[in-house]
Protein chains: 2
Amino acid sequence: MQLTREADYAVRCVLYLASAGGRPAAVGEIAEAQGMSAAFTAKILQKLVNAGIAASRRGVKGGFVLARPPAETTLLEVIEAVQGPLALNICVVDRKNCDRNSRCSVHPVWVEVQADMKKKLESYTFERLLNSSPR
Amino acid sequence: MQLTREADYAVRCVLYLASAGGRPAAVGEIAEAQGMSAAFTAKILQKLVNAGIAASRRGVKGGFVLARPPAETTLLEVIEAVQGPLALNICVVDRKNCDRNSRCSVHPVWVEVQADMKKKLESYTFERLLNSSPR
DNA sequence: TCGAAATAGGATAAAATTACTCCTAATTTA
DNA sequence: TAAATTAGGAGTAATTTTATCCTATTTCGA
């Protein structure tokens with residue numbers, strides 16, 4: 001029931017890129033600023049690129065930038081980019097793990113709680129996060 | 001970000017005990033009814049007893065019952081009894097993992113999302129779950 | 001054109017957590 | 001006293017998390 005370290009780092013990466021305002025940032029720079037290992041950070045940034053959240057440029061003067069303006073990327077997208085789709089319980093995402101005894105009165109609750117979470121995480125764009133007062 | 005199998009099973013155990021209406025149910029009976037292994041189910045029931053959610057009676061004709069009426073046990077309690085306190089991110093529960101760079105604009109979001117989840121899970125008592133229509 | 005700086009991606013490994021099992025002891029009833 | 005049952009400690013297997021390392025590829029600029 002906990003965010004992985006990877007997801008936490010991913011959010012911090014995007015936050016960093018958002019505050020860099022379009023200037024390409026190299027893995028080393030991002031990792032150092034956030035106190036994360038460079039190799040692991042690189043992996044995470046690759047996932048963000050594959051998800052279309054960040055874009056990369058190779059070679060000298062290369063680095064990472066956001067693929068879209070901060071207002072168009074949400075917390076949920078970033079989390080799902082590295083963790084895969086949010087799933088509170090197996091049965092929510094894979095119904096066949098649920099209906100073994102054909103009636104399960106908790107299933108709708110998992111569905112509801114998960115939908116709430118998604119909605120909330122979706123409501124936070126990185127623009128909103130940047131503008132919110134720190135601490 | 002997912003419920004453990006243990007927590008899922010725990011909920012099913014309590015649900016079973018709630019529907020048994022005060023009659024003691026043995027581990028074997030509960031496990032079989034829910035398609036769970038007896039040894040693992042026993043461990044989970046012990047945690048529920050230690051948390052004050054269930055009560056046990058040893059010996060012949062022994063078994064488990066709910067320690068309180070279903071209306072007084074919530075989903076949150078059961079989940080926390082086996083998984084420990086809900087924690088969306090380390091920094092929510094252990095602030096020192098967060099303030100390394102003294103400003104973290106996502107922290108309040110984790111706190112908010114977690115509080116929402118807790119509130120929702122707390123609002124579901126087992127009485128409410130029993131009375132809700134299956135599926 | 002070459003070398004340095006950077007990302008891309010595959011393979012692998014260490015650590016932690018999850019999901020269990022097994023065994024022995026204690027308790028209760030008939 | 002025998003059988004049925006929970007209590008609890010210890011151990012194990014599988015999976016997931018959290019990385020590291022190596023090689024290839026791309027890009028820039030001298």
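Computed from heavy atoms alone, side chains included, the values below leave out hydrogens, waters and symmetry copies. Letters A, B, ... mirror the listed sequences (proteins, then strands); counts begin at 1.
- With rounding to whole Å, Gln83(A) atom CD is found 11 Å from dT17(D) atom C1'.
- For Thr4(B), taking side-chain heavy atoms from C-beta onward, the closest of the listed nucleotides dA19(C), dT7(C), dT17(D) is dA19(C).
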Scan the side chains in residues 43-64 of chain A for donor-acceptor partners under 3.5 Å anywhere in the protein, sequence neighbours excluded, and list what turns up.
{"residue": "Lys47(A)", "atom": "NZ", "partner": "Glu6(A)", "partner atom": "OE2", "Å": "2.9"}
{"residue": "Asn50(A)", "atom": "ND2", "partner": "Gln46(A)", "partner atom": "O", "Å": "3.3"}
{"residue": "Arg57(A)", "atom": "NH2", "partner": "Lys61(A)", "partner atom": "O", "Å": "3.0"}

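- Between the CZ atom of Arg5(A) and the P atom of dA14(C) there is a distance of 23 Å, rounded to whole Å.
- Note: Gln34(A) CD to Cys104(B) SG = 9.0 Å, rounded to the nearest 0.5 Å.
- No single ILVMFWY cluster, assembled from side-chain heavy atoms under 4.5 Å apart, contains both Leu130(B) and Val65(B).
- Between Ser56(A) and dA8(C) there is a side-chain polar atom (N or O) within less than 4.0 angstrom of OP1 or OP2.
- Side-chain atoms of Ser132(A) come within 3.5 Å of backbone N or O of Leu129(A) as a donor-acceptor pair.
- Gly28(B) comes within contact range of no nucleotide atom at all, as no heavy-atom separation falls under 4.0 Å.
- With hydrogens and angles left out, the side-chain atoms of Thr74(B) and Glu122(B) include no donor and acceptor closer than 3.5 Å.
- The phosphate of dC20(C) (OP1 or OP2) has a side-chain N or O of Tyr9(B) nearer than 4.0 angstrom.
- Going from atom NZ of Lys47(B) over to atom P of dC20(C) covers 13 Å, rounded to whole Å.
- Atom-to-atom, CE of Met1(A) to P of dT16(D) comes out at 17 Å; the value is rounded to the nearest Å.
- For the pair Phe64(B) CZ and dT27(C) C1', the interatomic distance rounds to 13 Å; values are reported in whole Å.
- A donor-acceptor pair under 3.5 Å links the side-chain atoms of Arg128(B) to the main chain of Ser123(B), judged by distance alone.
- Under the 6.0 Å distance and 45° angle rule, Arg12(A) does not count as a cation-pi partner of Tyr9(A).
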Nucleotide by nucleotide, 5' to 3', does protein get under 4.0 Å of the base (B), only the sugar-phosphate (S), or neither (-) in nucleotides 21-30 of chain D, counting heavy atoms?
B---BBBBS-
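- With distances taken from any side-chain atom of Phe40(A) to the nucleotides dA7(D), dT21(C), dT18(D), the minimum falls on dT18(D).
- Between Leu45(A) atom CG and dA19(D) atom P there is a gap of 15 Å when expressed in whole angstrom units.
- The distance between atom CD1 of Ile44(B) and atom P of dT18(C), rounded to the nearest whole Å, is 13 Å.
- Closest approach to the Asn50(A) side chain among dG9(C), dT6(D), dA19(D) is made by dG9(C) (side chain taken as heavy atoms from C-beta onward).
- The CD-C1' distance, from Gln46(B) to dT5(D), rounds to 12 Å in whole Å.
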